[in-house]
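Being a predicted model, the structure only gives us computed values, none of them experimental. A note on names: the letters A, B, ... follow the listed sequences, proteins ahead of strands, and every chain is numbered from 1.
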There are 2 protein chains.
Amino acid sequence: MDFCVQYGFDKFIYAARIPTSLVSPNYIFINGYPQEWRDHYVEQDYLRIDPTVSHCFSKTTPIYWEHIVNTACKENKNVDKLFAEAGSLGLQNGISFPIHCIHGESAMFSMAVNLSTDKSRDIIKETVALAHLFVTYVHEAVVRVPDNGLVAQVNAQLTSREKECLLWTTEGKTSWEISQILNISERTVVFHINNAVKKLDVVNKQHAVARAISLGHIKPVI
Amino acid sequence: MDFCVQYGFDKFIYAARIPTSLVSPNYIFINGYPQEWRDHYVEQDYLRIDPTVSHCFSKTTPIYWEHIVNTACKENKNVDKLFAEAGSLGLQNGISFPIHCIHGESAMFSMAVNLSTDKSRDIIKETVALAHLFVTYVHEAVVRVPDNGLVAQVNAQLTSREKECLLWTTEGKTSWEISQILNISERTVVFHINNAVKKLDVVNKQHAVARAISLGHIKPVI
DNA sequence: AATCTACCTGTAATATTTGACAGCTTACCC
DNA sequence: GGGTAAGCTGTCAAATATTACAGGTAGATT
């Protein structure tokens, strides 16, 4: 907030997507946008056409709104409408930063200025590098907040054996194969996997694999 | 390369990890470090204790080597040895940047200066923001290179039905449940999943779920 | 017309998973 | 000593997945 004001920005928004599920992920917002705009945005389902969102969820580089205005807005009427309406509510120009984490959670941070494109170009250009660095610290801070939903999910405490069995499961090994790898009985492998499935609050192995990878319960061997 | 020299850095290295498997991921390097150091690094298996590596694979913020020297090096003899040896080969001080992507591939970019900590502190502080931005563009460029292994794996072309069936599988749905969701026979769901398993070159559903998520074949619904 | 791709469906044998039953050892902490 | 957590093992029945057999339609392309 202070950062935005200090560098000449008016509004900001931070949104994080927690991949508890691919079909219905959780979200965390830190909203510095006008509530009127947020309500309108949700009502219009702009999330699905917003080019800043699709960019931030697939790229690592920042995206300048000016660039969108020069491309997507000219090709797509709805996008043009989105940006026109945003501009009329004080979000004339700005920049959006993607943030990606090893866990798989994604976030984006947008900063807006209430100035015309020409007048705000320099402010944005001068701030981009520092802001890009800044937003990573914002994200690390958010992730650290207890009880934000993310930490609770990520902190489902799996024992080392449970993680070990899950890890080999992600490699396509059957319980019997894992029992040979770990030198324990097949029954014990099943036991550990069942415990992991219960702790992760999922229904079967496929589900457990998806969640364990998405939330970083099991990590790549470096 | 030009970037590093321009801002007073001597050496750099870029390393990307492609999560084709959690157990044995693929790597892509762009090596600007002395070969002597690389060989020594591999031989000593420094990857497993290097604090820049563990930081970059779990955090989104840059890490200053100076910080490591002040902490980890004092606690861990091996880390101290690593940094002492690096310094003697011209990698005295530097900074490392993590890069994370939605696909799950991770990368790191390190830039080193051959100056004492005191003499290089200002160079690093002044460059950090710009360099942080720069490395995201390096990474986007690497990802775009055809035949780098990543693209080939990611481009295993799954049909929309195959992806749909896989997506519901990651949610823990059985083949029968998916058949009800998609209004097709259970046999057809099995058919699509089998095709996906073959295309992804994996052995079963768990394996397919892991790879499809890791490589971004199936993506979160926004 | 022939070819290709995506999509769809069936049967049957075998392998694997899942759930429910029950109980063991070891280590650590209060 | 008692409690707790992690790890380990067994059997049995039912549900689900895997593999292999075989074959159909619709639309686009050559």
Rounded interatomic separation in angstrom, taking NZ from B/Lys205 and P from D/dA15: 16 Å
In terms of the angle between their ring planes, are A/Tyr46 and A/Tyr41 parallel, tilted or perpendicular, with boundaries placed at 30° and 60°? perpendicular
Flag the pair A/Asp80 and A/Lys77 as a salt bridge only when some basic side-chain nitrogen lies within less than 4.0 angstrom of an acidic carboxylate oxygen. no
Listed nucleotide nearest any side-chain atom of A/Thr159, set D/dA6, C/dA6, C/dT18: D/dA6
Within residues 179-195 of chain A, which residues have any heavy atom lying less than 4.0 Å from an atom of DNA chain C? A/Arg187, A/Val190
Measuring to OP1 and OP2 of C/dC7, would you say a side-chain N or O of B/Ser160 lies under 4.0 angstrom away? yes
Output yes when a side-chain donor or acceptor of A/His100 lies under 3.5 Å from a complementary backbone atom of A/Cys56, and no otherwise. yes
Inspect the contact between A/Lys59 and B/Glu140 and indicate whether a charged nitrogen and a carboxylate oxygen are less than 4.0 angstrom apart. no
Nearest whole Å is fine: how far is D/dA26 C1' from B/Arg161 CZ? 14 Å
Length of the NZ-P vector between B/Lys173 and D/dT16, whole Å: 13 Å
In whole angstrom, what separates A/Asn204's CG from D/dA15's C1'? 12 Å
Atom-pair distance (CG on B/Leu158; C1' on C/dT5), nearest Å: 14 Å
Expressed in angstrom and rounded to an integer, what is the separation of A/His207 atom NE2 from C/dT17 atom P? 18 Å
Rounded distance in Å - CD1 (A/Ile178) to P (D/dG7): 15 Å
Starting at CD of B/Glu162 and ending at P of C/dA6, how long is that distance when rounded to a whole Å? 7 Å
Assess the side chains of A/Ser96 and A/Trp65: does a donor N or O sit below 3.5 Å from an acceptor N or O? yes
Angle between ring planes, B/Phe12 versus B/Phe109, binned at 30° and 60°: parallel, tilted or perpendicular? parallel
At under 4.0 Å, does any side-chain N or O of A/Ser175 touch on OP1 or OP2 of C/dT17? yes
Considering all heavy atoms of both residues, which atom of A/Phe29 and which atom of A/Ile13 are nearest to each other, and what is their separation? CD2-CD1, 4.5 Å
